[in-house]
Undergrad: 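Attaching a single structure in structure tokens format; questions to follow.
Keep in mind that what you see is a predicted model, and the values were worked out from it rather than measured. Counting starts at 1 for both ligands and their atoms, in listed order.
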Amino acid sequence: MTNPDIHTSKGRLVQQAEAMIPTPWGNFNMVAFAEKESDWMPHLALVHESMDPAKPVLVRIHSECITGDLFGSKRCDCGEQLAEALSLAAEHGGMVLYLRQEGRGIGIINKLKAYNLQDKGLNTIDANLHLGLEIDARQYDIAIDMLKALGIRQINLLTNNPEKIEAFENAEVEVLSRVPLIIKPKKENFEYLKTKQDEMGHLFKL
Ligand SMILES: Nc1nc2c(ncn2[C@@H]2O[C@H](COP(=O)(O)OP(=O)(O)OP(=O)(O)O)[C@@H](O)[C@H]2O)c(=O)[nH]1
Ligand SMILES: [Zn+2]
């Protein structure tokens with residue numbers, strides 16, 4: 001189903017291993033992509049068993065959020081977005097690309113430091129800046145390379161983030177449509193989502 005090896009914009013990205021994972025939403029082939037076998041944190045593609053690369057594929061590019069994805073933190077919407085994305089991927093023969101971009105690319109230690117600053121009143125943008133870090137350090141070339149390696153050329157992208165759509169400009173993979181991924185806000189994440197809407201241009205209406 002997949003190419004064993006592909007040269008990418010970032011070097012030599014290799015599919016190191018894959019296995020079928022039965023999840024509450026359905027059976028997904030988990031494919032680990034890394035430059036070397038000893039990489040303990042490879043990017044992961046979770047490809048639903050009914051995915052057909054010859055057709056446009058529903059794709060979620062999900063940035064790692066250990067607090068939300070694994071522990072259900074209410075500070076953000078990540079965990080619920082991941083569950084909804086897997087559910088939709090199972091329904092439509094799609095996939096989730098799980099990118100190791102914790103904390104918008106600043107890592108879990110810095111994200112926890114940023115949360116301390118947010119508890120003192122800074123918003124999610126200013127907390128990163130206060131730490132001397134980028135507001136958003138993510139790039140999505142690796143996701144495009146993973147899609148190419150999986151033989152996919154046309155996608156419907158599950159996101160509210162305009163930067164993810166812009167990343168596909170001039171790419172060999174075409175975004176046919178954006179599919180919103182809206183999670184009902186909670187009191188704990190309302191301000192965070194409002195900052196994303198008002199200051200980061202995310203496409204939802206609170
Ligand atoms: N630095 C930092 N990162 C955060 C914070 N809250 C969530 N994250 C990280 O942000 C990433 C998710 O980004 P979001 O902006 O929520 O969503 P997105 O993936 O850009 O956009 P969507 O595709 O619409 O969901 C994950 O890597 C989270 O760990 C925060 O307050 N500070
Ligand atoms: Zn999160």
Undergrad: When you look at NZ of Lys186, are more than 12 heavy atoms from neighbouring residues, nucleotides or ligands closer to it than 6.0 Å?
TA: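 Yes - once you tally the heavy atoms of other residues, nucleotides and ligands closer than 6.0 Å, there are more than 12.
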Undergrad: List the closest protein heavy-atom neighbour of atom 21 (O) of ligand 1: residue, atom name, distance to the nearest 0.1 Å.
TA: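 Minimum-distance protein heavy atom for atom 21 (O) of ligand 1 reads Asn161 CB, 3.3 Å.
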Undergrad: Side chain, backbone, both or neither: which part of Cys65 has a heavy atom under 4.0 Å from ligand 1?
TA: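 Both backbone and side chain.
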Undergrad: Within a reach of under 6.0 Å around CD1 of Ile109, are more than 12 heavy atoms found that belong to other residues, nucleotides or ligands?
TA: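 Open: at most 12 neighbouring heavy atoms sit under 6.0 Å from CD1 of Ile109.
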Undergrad: Report the part of Arg104 (side chain from C-beta onward, or backbone N, CA, C, O) that has a heavy atom under 4.0 Å from ligand 1; answer both or neither where that applies.
TA: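 For Arg104, backbone and side-chain atoms both sit under 4.0 Å from ligand 1.
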Undergrad: Any idea which part of Ile106 is under 4.0 Å from ligand 1, heavy-atom wise: side chain, backbone, both or neither?
TA: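 Only the side chain of Ile106 comes within reach of ligand 1.
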Undergrad: For Asn156, which of Val179, Leu88, Val57 qualifies under side-chain contact (heavy atoms from CB on, under 4.5 Å)?
TA: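 Passing option: Val179.
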Undergrad: Any idea which atoms of ligand 1 are less than 4.0 Å away from a heavy-atom of Tyr115?
TA: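 Those qualifying, in numeric order: 6 (N), 30 (C), 31 (O).
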Undergrad: What protein N/O/S atoms lie closer than 2.8 Å to the Zn ion (ligand 2)?
TA: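 Short answer, with waters excluded from the count: Cys65 SG, Cys76 SG, Cys78 SG.
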Undergrad: Show which atoms of ligand 1 fall inside a sub-4.0 Å distance from at least one heavy-atom site of Glu64.
TA: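 Those atoms are 26 (C), 27 (O), 28 (C), 29 (O).
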Undergrad: What distance separates Ile152 CD1 from Glu174 CD, expressed to the nearest 0.5 Å?
TA: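 Rounded to the nearest 0.5 Å, the CD1-CD separation comes to 14.0 Å.
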Undergrad: Can you tell if the side chain of Val31 reaches within under 4.5 Å of the side chain of Met146, non-hydrogen atoms only?
TA: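 No; the side chains remain at least 4.5 Å from each other.
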Undergrad: Given Thr67, which of Glu102, Lys111, Lys74 fulfils the side chain to side chain donor-acceptor pair (under 3.5 Å) condition?
TA: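 Exactly one pass, corresponding to Lys111.
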Undergrad: What class does the angle between the rings of His62 and Tyr98 fall in, given that below 30° is parallel, 30 to 60° is tilted and above 60° is perpendicular?
TA: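 Answer is parallel, since the angle falls under 30°.
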Undergrad: Taking both backbone and side-chain atoms of Gln118, is any N or O found less than 3.5 Å from an N or O belonging to ligand 1?
TA: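 Such a contact does occur with ligand 1.
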Undergrad: Rounded at 0.5 Å granularity, tell me how far CG in Leu58 sits from CG in Leu176.
TA: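 Result: 11.5 Å between the selected atoms.
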Undergrad: Does this structure show an ion pair linking Arg104 with Glu163, if we count only N-O contacts that are shorter than 4.0 Å?
TA: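 No, this pair does not count.
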Undergrad: Out of all atoms in ligand 1, which are within 4.0 Å of some heavy atom of Asn160? Include the element for each.
TA: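 Under 4.0 Å from Asn160, ligand 1 has these atoms: 22 (P), 23 (O), 24 (O).
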Undergrad: Which residue and atom name correspond to the protein heavy atom nearest atom 30 (C) of ligand 1, and how close is it?
TA: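 Result: Thr124 OG1, 3.2 Å.
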Undergrad: Of the choices Lys164, Glu163, His62, Glu102, which has the non-hydrogen atom that lies closest to atom 19 (O) of ligand 1?
TA: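 Among Lys164, Glu163, His62, Glu102, the closest heavy atom to atom 19 (O) of ligand 1 belongs to Lys164.
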Undergrad: Between CG of Asp145 and CG of Leu150, what distance do you get to the nearest 0.5 Å?
TA: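 The CG atom of Asp145 sits 11.0 Å away from the CG atom of Leu150.
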Undergrad: For ligand 1, is any non-hydrogen atom under 4.0 Å from Gln101's backbone (N, CA, C, O), its side chain (CB onward), both, or neither?
TA: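 Just the backbone.
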Undergrad: Compare every heavy atom of Pro53 with every heavy atom of Gly151, then report the nearest pair and how far apart it is.
TA: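 Heavy-atom minimum between the residues: O-CB, 3.6 Å.
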Undergrad: If every non-hydrogen atom of Arg178 is compared with every non-hydrogen atom of Thr159, which pair is closest and at what distance?
TA: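 Arg178 and Thr159 have their closest heavy atoms at NH1-O, 2.7 Å.
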Undergrad: For atom 14 (P) of ligand 1, what is the nearest protein heavy atom, given as residue, atom name and distance?
TA: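 Looking only at protein heavy atoms, the one closest to atom 14 (P) of ligand 1 is Lys196 NZ, 3.1 Å.
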Undergrad: Side chain, backbone, both or neither: which part of Thr67 comes within less than 4.0 Å of ligand 1 when only heavy atoms are counted?
TA: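 No part of Thr67 is near ligand 1 at this cut-off.
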Undergrad: Under 3.5 Å, is there a donor-acceptor pair linking the side chains of Arg138 and Ser63?
TA: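 Side chains of Arg138 and Ser63: pair found under 3.5 Å.
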Undergrad: Tell me: protein heavy atom nearest atom 7 (C) of ligand 1, and distance?
TA: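 Looking at atom 7 (C) of ligand 1, the protein heavy atom closest to it is Tyr192 OH, 3.1 Å.
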